[in-house]
Structures are given as structure tokens and as C-alpha cells.
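Bear in mind the structure is a predicted one, so any value in this text is a computation, not a measurement.
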Amino acid sequence: MLTITAIKAFNDNYIWVLQQQPQTQVYVVDPGDANVVIDYLEANQLTLAGILLTHHHNDHTGGVAELQAYSQDRLTVFGPDNEKIKGITHPLHAAAQPRLTLGYMSGELQVLDVPGHTAGHIAYVIEDALFCGDTLFSGGCGRLFEGTPAQMLDSLQQLAQLPADTRVYCAHEYTLSNLKFALAVNPNNRALQDYNERAIALRRQDKATIPSTIALERAINPFLRASDTEIVDSIKQHFSDLNHANLDELGGFTLLRQWKDNF
């Protein structure tokens with residue numbers, strides 16, 4: 001049985017721990033902070049078998065060197081092959097290596113190229129769990145620091161095609177702020193209204209809103225629904241100074257991301 005545990009880091013990061021019971025060897029996803037990972041390993045008498053990285057930003061990679069030094073054996077570090085992340089031992093590109101097997105894990109790991117937030121961002125799927133870094137958030141998506149709107153839209157559409165029950169393990173607790181924006185652009189979405197109430201209740205108890213699911217994100221995430229009639233109308237109203245005669249899905253997505261950047 002695969003168990004997935006969140007380690008909180010910084011203000012709102014989640015570092016995910018993957019453990020195939022009853023193994024005591026684990027993998028961690030995007031360890032920006034080595035200290036919290038080491039504390040977790042030692043408190044639970046676990047051994048770090050490897051690291052999975054989604055992209056190069058320091059809040060996702062900053063703990064790699066220290067964790068490599070901490071581990072007595074050579075530590076396997078997977079990550080995107082075109083982002084020049086120091087410490088990667090196994091660079092990955094989905095086109096060349098779409099699937100791989102991890103030691104101490106029974107299932108195959110699927111690798112997905114999902115550029116947009118960064119140029120070489122990748123995501124991982126194992127069993128029914130998606131580790132998508134900063135590409136897809138619950139109710140939102142990552143900022144476009146290096147990629148284009150077309151790349152991000154394509155990446156999100158790729159993730160949206162995963163099975164509906166796929167659990168979405170993104171790397172940040174951004175849900176409430178994302179839902180505030182989502183409600184501004186899609187106010188009559190009842191599923192979104194209900195989810196917002198549940199998320200508020202969870203955060204009041206200091207509980208994580210993550211994981212989400214692909215089914216939920218299809219229903220409530222405006223960045224997966226840029227062609228929805230109400231969302232298109234909201235975009236046109238917000239950007240009333242623009243000519244919207246030929247507003248297609250990519251154009252709507254581009255404006256939606258621009259609106260969110262300044263929300």
C-alpha cells in the first residue's frame with residue numbers, strides 16, 4: 001500500500017513523502033527544506049531512498065544538497081533534464097522516458113512534461129496520485145515565469161485528461177486565495193461555492209485542502225474551464241477595453257491568467 005504524507009515547509013509549501021508499506025525506504029517530492037525532511041525521517045525511523053523534483057525553483061530544490069550529504073548511500077535524484085538543477089543524478093524527459101520503476105515501490109512512475117510555470121517543468125503519476133509541482137493548483141495554476149500561455153494551457157489540458165479519481169498533490173496551500181479568484185470569475189458555479197465552504201472549514205482547523213482530485217478541478221478550476229460561458233463573459237467584462245470578436249480558448253486563458261496575476 002502506498003502512503004503519501006505531507007511535510008509542511010516555509011509558509012505554504014508541501015513536501016510529499018511516498019512510502020510503500022511495509023518498506024521503511026521513502027521518496028520525497030520537491031524538498032525545498034532539508035531540515036524538516038530529516039526531522040520527519042528520524043522521528044519515523046525511515047531511510048531516504050530518493051528525491052523527485054518537478055522544477056528548478058529553490059523552494060522545491062533547496063534541500064537537495066543537504067539531503068545528499070545526510071544520506072550515507074548515493075541518493076537517487078530525479079528531475080527535469082533541461083533545467084540544470086544541481087544534484088540531479090537521473091535527468092528525465094517524458095518523450096524519452098515516459099515511465100520508470102523506483103526501488104522499494106511496486107507501481108510504475110509516469111513522467112509528464114508540463115511546461116508553463118518553468119520551461120522544463122515535469123510532473124509524476126504513481127498509482128492514482130499526481131505530483132504536479134506548481135503547474136496545477138487546487139482552483140488555480142502556476143504563474144508563467146518562463147513558459148507561454150499556450151504551453152501552460154496544453155499542460156493543464158494534459159493533466160485534466162487523467163482519470164477523474166486521480167488525486168492532485170500540488171506543492172502549495174494556495175486553495176483559498178485561488179477560490180476567491182475563481183468565484184470572482186465564475187460566481188454561479190454551485191460546485192465551486194460548495195468547495196469553497198469546505199476549504200474554509202478545513203483551513204479554520206489548520207487542515208490541508210490538498211489533495212484535490214482531477215474530477216473536482218474539472219468542475220471548479222477556472223483555468224481548466226476557460227471556455228465556460230460565464231467565465232468568458234466575466235473575462236469580456238473585466239477586459240472591456242479589448243476587442244473580443246475572436247476570443248478563443250487560448251485567448252481567454254491568457255487573459256484569465258493576466259487577471260489572476262493582478263487580482
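- By the side-chain contact (heavy atoms from CB on, under 4.5 Å) test, Arg203 pairs with Tyr14, Glu173, Leu176, Asp206, Thr209, sequence neighbours left out.
- Of all the heavy atoms in Pro31 and Leu53, the pair that sits closest is CD-CD2, 3.7 Å.
- Relative ring orientation between His238 and Trp259 is described as parallel, the plane-to-plane angle staying below 30° on a 0-90° scale split at 30° and 60°.
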Item checked: Test side chain to side chain contact (heavy atoms under 4.5 Å, CB included) applied to Met1 and Glu127, step by step -> CA-CA 10 Å; Met1 181 180 67; Glu127 296 185 2; over 6 Å; no
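- Residues Ser138 and Tyr195 have side chains in contact (heavy-atom distance under 4.5 Å, counting atoms from C-beta outward).
- When hydrophobic clusters are built by joining Ile, Leu, Val, Met, Phe, Trp and Tyr residues whose side-chain heavy atoms come closer than 4.5 Å, directly or via intermediates, Val29 is not grouped with Leu75.
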Margin query: Between Asp154 and Val114, does the side chain to side chain contact (heavy atoms under 4.5 Å, CB included) criterion hold? Intermediate values first, please.
Written below: CA-CA 8 Å; Asp154 182 71; Val114 287; over 6 Å; no
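- The main-chain N or O of Met152 is never found under 3.5 Å from a side-chain atom of Gln157 such that the two would form a donor-acceptor pair.
- Under a cut-off of 6.0 angstrom, the local environment of CD in Gln21 is crowded, with over 12 non-hydrogen atoms contributed by other residues, nucleotides or ligands.
- Proximity of Ile126 to Gln110: side-chain heavy atoms (C-beta onward) are nowhere separated by under 4.5 Å.
- To the nearest 0.5 Å, the span separating CD on Gln193 from CG on Leu183 amounts to 7.0 Å.
- Looking at heavy atoms from C-beta onward, Asn178 lies in side-chain contact with Lys260 at the 4.5 angstrom threshold.
- Val125 and Ile122 fall into different hydrophobic clusters, where Ile, Leu, Val, Met, Phe, Trp and Tyr residues are linked whenever their side-chain heavy atoms come under 4.5 Å apart, directly or through other members.
- The hydrophobic clustering, which links ILVMFWY residues whose side-chain heavy atoms are closer than 4.5 Å, places Leu92 and Leu18 together.
- Contact check for Asp113 versus His93: side-chain heavy atoms found under the 4.5 Å cut-off.
- Here the OG1-CG distance, from Thr24 to Asn44, works out to 11.0 Å after rounding to the nearest 0.5 Å.
- Under the 6.0 Å cut-off for aromatic ring centres, Tyr27 and Trp16 do not qualify, their centroids lying 6.0 Å or more apart.
- In this model, a donor atom of one side chain and an acceptor atom of the other lie less than 3.5 Å apart for Glu217 and Ser212.
- For the residue pair His60 and Asp134, a side-chain donor N or O sits within less than 3.5 Å of a side-chain acceptor on the partner.
- Surrounding OH of Tyr104 are at most 12 heavy atoms belonging to other residues, nucleotides or ligands under 6.0 Å away.
- Under a 3.5 Å cut-off, the side chain of Thr3 and the backbone N or O of Gln19 do form a donor-acceptor pair.
- Glu230 and Asn188 share a side-chain donor-acceptor pair at under 3.5 Å.
- No side-chain donor-acceptor contact under 3.5 Å links Arg143 to the backbone of His117.
- The shortest distance between side-chain heavy atoms of Leu109 and Leu52 falls below 4.5 Å.
- Here Tyr124 and Phe131 keep their ring centres 6.0 angstrom or further from each other.
- Atom CD of Gln237 is surrounded by 12 or fewer heavy atoms from other residues, nucleotides or ligands within 6.0 Å.
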Next item on the list: Output, in order, the C-alpha distance, side-chain angles, deciding distance and verdict of side chain to side chain contact (heavy atoms under 4.5 Å, CB included) for Leu136 and Asn221.
Entry: CA-CA 9 Å; Leu136 173 65; Asn221 192 320; 3.5 Å; yes
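- Under the 3.5 Å distance criterion, with hydrogens and angles disregarded, a donor-acceptor pair is assigned to the side chains of Thr54 and Asp30.
- Here the side chain of Thr213 pairs no donor or acceptor atom with the backbone of Asp165 at under 3.5 angstrom.
- Crowding of Asp261 atom CG: a count of heavy atoms from other residues, nucleotides or ligands under 6.0 Å exceeding 12.
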Checklist line | Worked verdict on Leu162 versus Leu130 for side chain to side chain contact (heavy atoms under 4.5 Å, CB included) | finding: CA-CA 9 Å; Leu162 292 170; Leu130 165 69; 4.0 Å; yes
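- Within 6.0 Å of CG on Asn262 lie more than 12 heavy atoms contributed by other residues, nucleotides or ligands.
- Cluster membership check: Val185 shares its hydrophobic cluster with Val232, using side-chain heavy-atom separations under 4.5 Å among Ile, Leu, Val, Met, Phe, Trp and Tyr.
- Side chains of Leu242 and His244 form a contact here, defined as non-hydrogen atoms less than 4.5 Å apart.
- Between Ile4 and Tyr169, the closest side-chain pair of non-hydrogen atoms falls below 4.5 Å.
- No donor-acceptor distance shorter than 3.5 angstrom exists from the side chain of Glu83 to the backbone of Pro80, with no hydrogens or angles considered.
- Between Asp12 and His172, the side chains place a donor N or O and an acceptor N or O closer than 3.5 Å (distance only, hydrogens not considered).
- A 4.5 Å side-chain heavy-atom check between Ile88 and Phe78 finds every atom pair outside the cut-off.
- Side-chain atoms of Asn189 come within 3.5 Å of backbone atoms of Ala219 as a donor-acceptor pair (strictly under, hydrogens ignored).
- Side chain of Ser71 to backbone of Gln68: no donor-acceptor contact under 3.5 angstrom is found.
- Side chain of Glu146 to backbone of Thr118: no donor-acceptor contact under 3.5 angstrom is found.
- In this structure, Leu2 CG and Gln20 CD are separated by 5.5 Å, a value rounded to the nearest 0.5 Å.
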Check: Do His56 and His121 pass the ring-ring contact (aromatic ring centres under 6.0 Å, His included) test, and can you show the C-alpha distance, the side-chain angles, and the key distance before you say yes or no?
Finding: CA-CA 8 Å; His56 67 78; His121 201 301; 9.4 Å; no
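- Looking at Arg257, its side chain does come within 3.5 Å of a backbone N or O of Cys141 through a donor-acceptor pair.
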